[in-house]
Amino acid sequence: MEIRSLHVDEREAALALIWETFLRFEAPDYVPEGVRAFRAFIDAPEQIDALEFFGAFQEGELLGVLATSERRKHICCFFVAAAHQRRGIGRKLWEHLLANSKNDLFTVHSSPYAVPVYHKLGFVDTDAERVEDGIRYTPMKYTR
């Protein structure tokens with residue numbers, strides 16, 4: 001498996017993977033306003049262009065995506081394709097970020113679905129679940 005930064009021309013495939021995975025695993029926990037807000041986020045070029053994307057590839061197939069902001073401090077999107085979940089791909093993406101960042105503190109607004117995943121990676125909740133624009137999330141942090 002290869003973990004690397006995505007090229008600009010690979011973002012369309014990354015966003016498609018993010019949307020498909022979001023619809024399957026996260027959208028059921030959201031009201032329609034939240035689904036629309038998430039779609040608006042990934043459709044906004046100025047927001048997407050501000051992110052740094054990493055991808056997990058096997059034999060040229062994109063299996064997972066991790067996108068960060070704030071110089072790799074905040075995780076904005078972290079998705080593994082449904083057919084490839086529970087195979088350690090997310091952990092490898094996370095370990096790649098850790099190995100390629102000098103940050104001591106990382107943050108994320110975790111969807112309800114991903115809270116147990118982030119706990120396994122060593123994140124802790126920093127507050128109770130919140131809802132903004134219909135998007136449910138738990139603020140979390142990881143300290144090295």
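Atom set for the values below is all heavy atoms of this structure, side chains included, hydrogens, waters and symmetry mates excluded.
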Peer 1: Do the side chains of F78 and I3 join up, straight or via other hydrophobic residues, at under 4.5 Å, putting them in one cluster?
Peer 2: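 Linked within one cluster.
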
Peer 1: Where do I18 and C77 come nearest, in terms of heavy atoms and distance?
Peer 2: CD1-CB, 4.0 Å

Peer 1: Would E10 and R4 pass as an ion pair if we require N to O under 4.0 Å?
Peer 2: yes

Peer 1: Between V35 and V131, is there shared hydrophobic-cluster membership here, with clusters defined by ILVMFWY side-chain heavy atoms closer than 4.5 Å?
Peer 2: no

Peer 1: Could you tell me the separation between the CD atom of E70 and the SG atom of C76, rounded to the nearest 0.5 Å?
Peer 2: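 That separation rounds to 7.5 Å.
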
Peer 1: May I ask you to check whether S69 and H74 show a side-chain donor-acceptor distance below 3.5 Å?
Peer 2: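 No.
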
Peer 1: Using 4.0 Å as the upper bound for N to carboxylate O, is an ion pair formed by R11 and D49?
Peer 2: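 Here D49 pairs with R11 in a salt bridge, since their nearest N and O are under 4.0 Å apart.
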
Peer 1: Look at the side-chain heavy atoms of Ile, Leu, Val, Met, Phe, Trp and Tyr, link any pair under 4.5 Å apart, and say whether F54 and L121 land in one connected group.
Peer 2: yes

Peer 1: For D125 and H119, work out which heavy atoms get closest and say how close.
Peer 2: OD1-NE2, 2.7 Å

Peer 1: Quick one: do H84 and E61 satisfy side-chain contact (heavy atoms from CB on, under 4.5 Å)? Show the steps, please.
Peer 2: CA-CA 11 Å; H84 302 286; E61 180 184 0; 3.4 Å; yes

Peer 1: What's the verdict on side-chain contact (heavy atoms from CB on, under 4.5 Å) for E26 and F79, showing C-alpha distance, side-chain angles and the deciding distance?
Peer 2: CA-CA 10 Å; E26 296 184 20; F79 293 87; 3.3 Å; yes

Peer 1: Restricting to non-hydrogen atoms, name the atom on S110 and the atom on A114 that form the minimum distance, rounded to 0.1 Å.
Peer 2: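 Minimum heavy-atom contact is OG-C, 3.3 Å.
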
Peer 1: Could you go through L15 and I48, starting from their C-alpha distance and side-chain angles, then the distance that decides it, and tell me whether this counts as side-chain contact (heavy atoms from CB on, under 4.5 Å)?
Peer 2: CA-CA 9 Å; L15 294 171; I48 296 303; 3.9 Å; yes

Peer 1: Can a donor-acceptor pair be found, under 3.5 Å and without considering hydrogens, that links the side chain of T143 to the backbone of L105?
Peer 2: no

Peer 1: State whether the number of non-hydrogen atoms from other residues, nucleotides or ligands found under 6.0 Å of D133 atom CG is greater than 12.
Peer 2: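 Counting neighbours around CG of D133, 12 or fewer heavy atoms of other residues, nucleotides or ligands fall under 6.0 Å, so no.
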
Peer 1: Ignoring hydrogens and angles, tell me if any N or O in the side chain of R144 forms a donor-acceptor pair with the backbone of N103 under 3.5 Å.
Peer 2: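 The answer is yes, because a donor-acceptor pair under 3.5 Å joins these two groups.
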
Peer 1: For the residue pair T68 and L51, establish whether any side-chain heavy-atom pair is separated by less than 4.5 Å.
Peer 2: no

Peer 1: Contact between E129 and V115 at the side-chain level, heavy atoms closer than 4.5 Å - yes or no?
Peer 2: no

Peer 1: Answer yes or no: is there a side-chain heavy-atom contact under 4.5 Å between D43 and W19?
Peer 2: no

Peer 1: Should the ring pair F38 and F41 be called parallel, tilted or perpendicular, given that the plane angle runs from 0 to 90° and is split at 30 and 60?
Peer 2: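 If you compare the ring of F38 with that of F41, the planes turn out tilted.
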
Peer 1: Rounded to the nearest 0.5 Å, what separates atom CD in E95 from atom CG in L66?
Peer 2: 12.0 Å

Peer 1: Which atom pair, heavy atoms only, marks the closest approach of V65 to L17?
Peer 2: CG2-CD2, 4.2 Å

Peer 1: In this structure, would L98 and V80 fall into the same cluster of hydrophobic residues linked by side-chain contacts under 4.5 Å?
Peer 2: yes

Peer 1: For the hydrophobic clusters of this structure (ILVMFWY residues joined by side-chain heavy atoms under 4.5 Å, transitively), does one cluster hold both Y118 and L93?
Peer 2: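 Shared cluster, yes.
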
Peer 1: Quick one: closest heavy-atom pair of I135 and G34, and the distance?
Peer 2: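 Looking at all heavy atoms of both residues, the closest pair is CG1-O, 3.6 Å.
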
Peer 1: Using a 4.5 Å cut-off on heavy atoms from C-beta on, say whether the side chain of K141 contacts that of V124.
Peer 2: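 Side chain of V124 against side chain of K141, heavy atoms only: contact under 4.5 Å found.
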
Peer 1: Walk me through it: do M1 and I89 pass the test side-chain contact (heavy atoms from CB on, under 4.5 Å)?
Peer 2: CA-CA 9 Å; M1 177 172 310; I89 295 165; 3.5 Å; yes

Peer 1: Parallel under 30°, tilted from 30 to 60°, perpendicular over 60°: which one fits the rings of F123 and Y142?
Peer 2: tilted

Peer 1: So does D29 get a backbone contact from the side chain of R136, meaning a donor-acceptor N/O pair under 3.5 Å?
Peer 2: yes

Peer 1: Report the distance from atom CD of E12 to atom CG of L6, rounding to the nearest 0.5 Å.
Peer 2: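 If I round to the nearest 0.5 Å, the distance is 13.0 Å.
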
Peer 1: To the closest 0.5 Å, what do you measure between CD (Q47) and CD1 (I42)?
Peer 2: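 Q47 atom CD to I42 atom CD1 measures 11.0 Å (nearest 0.5 Å).
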
Peer 1: Once rounded to the nearest 0.5 Å, what's the spacing between atom CD of E132 and atom CD of E33?
Peer 2: 11.0 Å

Peer 1: Look only at the side chain of R91 and the backbone of R87, and say whether a donor-acceptor pair between them is shorter than 3.5 Å.
Peer 2: no

Peer 1: Are more than 12 heavy atoms, taken from residues, nucleotides or ligands other than E20, located less than 6.0 Å from that residue's CD atom?
Peer 2: no

Peer 1: Do R130 and Y137 have side chains that approach each other closer than 4.5 Å (heavy atoms only, starting at C-beta)?
Peer 2: yes

Peer 1: Looking at every non-hydrogen atom in both residues, tell me the closest pair between G55 and L62 and how far apart they are.
Peer 2: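 Nearest heavy atoms, G55 then L62: CA-CD1, 3.9 Å.
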
Peer 1: Run the ring-centre check on Y113 versus Y30 and record whether the distance is less than 6.0 Å.
Peer 2: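 Centroid distance Y113-Y30: not below 6.0 Å, so no.
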
